[in-house]
Amino acid sequence: MSPLLVVAIAGLGTYLIRVSLIAVLGKVTIPPLGERALKLVAPTVLAAIAAQGVFTVDGGLRPFDVRHVAALIGGLVAWRTGSVAWTLVAGMGSLWLLGWLVPGW
Amino acid sequence: MESSQARSAFLEGVRAVAALAVGALPFGLAFGVVAAASTAVPPLIGGLSSTIVFAGASQVALIDLLDSGAPWFLAIGTALVINARMAMYSGALATAFAEFPTRWRFGLPYLMTDQAAVVSILRFEEMTDPDERRWFFLGAGLTMWTPWHIATWVGVLAGGQIPASWRIDFAIPLMFTAMLVPSVRRRSDLVGALVAGIVTIAAIGVPLNLGLLIGTFTGIGVGMLVRDPEPAT
């Protein structure tokens with residue numbers, strides 16, 4: 001399948017998700033169990049992607065390196081400040097600094 | 001509605017997400033670099049996904065999965081699962097949007113992002129005028145849309161020139177970490193997130209790159225079993 005078609009289907013599907021309950025307001029309500037599941041989508045999917053980005057490389061487990069440390073620092077800054085910008089500054093900053101200080105990182 | 005009122009609601013929306021929009025710049029840049037380096041998706045189409053899909057996390061996953069040889073239906077399926085959280089925003093905004101003219105009601109959702117949706121849901125508790133609400137959402141939505149596009153294309157075009165030693169790709173997991181932390185608000189969120197992360201890593205090597213989906217669904221399932229001390233908000 002052509003990449004453009006794949007992107008187009010993903011785009012259409014994403015739009016339909018965005019418009020879903022806005023379009024059907026009054027005709028469909030989400031059952032409580034479904035609502036509980038939807039509320040868990042954000043934390044679980046974000047954790048899964050973040051974990052994959054930090055702990056894996058090329059489909060295998062990433063050996064302990066500077067990224068683990070930099071991600072931990074970024075995570076702590078995210079938790080204390082709640083700021084995306086500071087998280088990026090702290091995470092990228094520590095990645096570069098540690099990479100420069102520690103041989104092999 | 002007075003045009004000055006529309007303008008002031010629009011600008012309020014702009015200001016409400018301005019700081020978050022700054023965060024979209026490095027993320028968009030990193031995504032553009034990923035798109036430029038893709039072996040399965042031409043850079044032009046990868047860049048266009050910022051317009052067609054306009055949901056960063058799913059765009060990264062889409063290209064990542066196609067590059068690693070996953071079948072197209074799985075790449076799309078994963079992207080849509082990642083974006084399923086927006087059904088929740090759709091539900092939270094539905095009552096407000098029902099009062100908009102049809103074109104706005106069906107056009108504005110295209111601009112829905114985590115940032116624009118969350119900011120609007122909170123603001124709409126006080127702001128009750130439908131005209132002000134739609135201009136506010138438009139301002140917030142465009143304020144996320146614009147830097148995302150600029151950063152994507154800078155990344156796509158500069159891709160080859162950015163030295164690998166900058167490790168700009170690390171901005172992507174950092175961005176997800178920055179979004180993850182505030183999304184964990186209840187005990188069930190924390191348990192679900194931990195399970196999702198651990199299972200995803202444990203599922204390394206599962207065929208079809210299903211690890212991400214297995215991790216997410218396991219996290220949701222386990223999270224649903226956890227009782228939260230206070231009523232969920």
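Predicted, not measured: the structure shown is a model, and the values here were computed from it. The analysis underlying the following values was restricted to heavy atoms, covering all of them including side chains, and did not include hydrogens, waters or symmetry mates. Note on naming: letters A, B, ... go to the chains in the order of the sequence lines (proteins, then strands), and numbering restarts at 1 for each one.
Contact annotation for B:Phe106: both backbone and side-chain heavy atoms come within less than 4.5 Å of a heavy atom of chain A. Contacts of A:Val66 with chain B are made by side-chain atoms alone, with heavy-atom separations under 4.5 Å and no backbone atom involved. Contacts of A:Ala70 with chain B are made by both backbone and side-chain atoms, with heavy-atom separations under 4.5 Å. Using a 4.5 Å cut-off between heavy atoms, A:Leu16 does not touch chain B at all. Within the 4.5 angstrom heavy-atom criterion, only backbone atoms of B:Ala40 (N, CA, C, O) approach chain A. Both the backbone and the side chain of B:Ile82 come within contact range of chain A, with heavy atoms under 4.5 Å apart. Using a 4.5 Å cut-off between heavy atoms, B:Ser49 touches chain A through backbone and side chain atoms alike. Contact of B:Phe54 with chain A is made through backbone and side chain together, with heavy-atom distances under 4.5 Å. If you measure heavy-atom distances from B:Ser183 to chain A, the contacts under 4.5 Å come from both the backbone and the side chain. Contacts between B:Pro182 and chain A at a heavy-atom distance below 4.5 Å are absent for every atom of the residue. B:Val226 touches chain A through its backbone: at least one of N, CA, C or O sits under 4.5 Å from a heavy atom, while the side chain does not. Contacts between A:Leu5 and chain B at a heavy-atom distance below 4.5 Å are absent for every atom of the residue. Interface residue B:Leu180: backbone and side-chain heavy atoms are both found under 4.5 Å from chain A. Using a 4.5 Å cut-off between heavy atoms, B:Val181 contacts chain A through its side chain alone, with no backbone atom that close. The part of A:Trp96 that comes within reach of chain B is its side chain, from C-beta onward, which places non-hydrogen atoms under 4.5 angstrom from that chain.
To the nearest 0.5 Å, atoms OG1 (A:Thr14) and CG (B:Leu62) are separated by 9.0 Å. Here OH of B:Tyr89 is found 13.5 Å from CG of A:Leu21. Values are rounded to the nearest 0.5 Å. A distance of 8.0 Å separates CD1 of B:Ile204 from CD of A:Gln52, quoted to the nearest 0.5 Å. For the atom pair CG (B:Leu174) and CZ (A:Arg67), the distance works out to 9.5 Å, reported to the nearest 0.5 Å. Here CZ of A:Phe55 is found 9.5 Å from CD1 of B:Ile198. Values are rounded to the nearest 0.5 Å. From B:Ser188, atom OG reaches atom NZ of A:Lys39 across 9.0 Å, with rounding to the nearest 0.5 Å.
Contact tally against chain B (heavy-atom pairs below 4.5 Å) for A:Gly11, A:Ala50, A:Ala48: the top residue is A:Ala48. No other option in B:Gly219, B:Ala84, B:Pro71, B:Ala79 has as many heavy-atom pairs under 4.5 Å with chain A as B:Ala84. Interface summary for chain B: among A:Gly99, A:Gly74, A:Ala42, the most heavy-atom pairs under 4.5 angstrom belong to A:Ala42. Contact count against chain A (heavy-atom pairs under 4.5 Å) is highest for B:Ile45 among B:Ile45, B:Val81, B:Leu48. Ranking A:Leu12, A:Leu33, A:Leu4, A:Thr56 against chain B, the residue ahead of the rest is A:Leu4, based on heavy-atom pairs under 4.5 Å. Of the listed residues B:Arg85, B:Gln59, B:Met112, the one with more heavy-atom pairs under 4.5 angstrom with chain A than any other is B:Met112. Interface remark: of the candidates A:Ile17, A:Val45, A:Thr81, A:Ile17 forms the most heavy-atom pairs closer than 4.5 Å to chain B. Top candidate by heavy-atom pairs under 4.5 Å with chain A, chosen from B:Gly223, B:Ser90, B:Gly205, is B:Ser90. Your options are B:Gly91, B:Ala61, B:Ser38, and the one with the most heavy-atom pairs under 4.5 Å with chain A is B:Gly91. In terms of non-hydrogen atom pairs under 4.5 Å with chain B, the most contact-rich of A:Gly34, A:Ala37, A:Ser2 is A:Ala37. With chain A as partner, the option from B:Ala193, B:Pro26, B:Pro42, B:Gly77 having the largest number of non-hydrogen pairs under 4.5 angstrom is B:Ala193.
Residues A:Met92 and B:Trp166 come closest through the heavy atom pair CE-O, 3.8 Å. The heavy-atom pair separating B:Leu80 from A:Gly13 by the smallest distance is CD2-C, 3.6 Å. Taking each heavy atom of B:Pro109 and A:Arg18 in turn, the nearest pair found is O-CD, 2.9 Å. In terms of heavy atoms, B:Ala196 sits closest to A:Thr44 at CB-O, 3.4 Å.
The number of heavy atoms from other shown groups lying within 6.0 Å of CH2 (B:Trp153) is above 12. Around CH2 of B:Trp104, the count of heavy atoms belonging to other residues, nucleotides or ligands within 6.0 Å exceeds 12.
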Show, in sequence, the C-alpha distance, side-chain angles and deciding distance for B:Met88 and A:Val41, and conclude whether the side-chain contact (heavy atoms from CB on, under 4.5 Å) test is met.
CA-CA 9 Å; B:Met88 186 177 67; A:Val41 170; over 6 Å; no

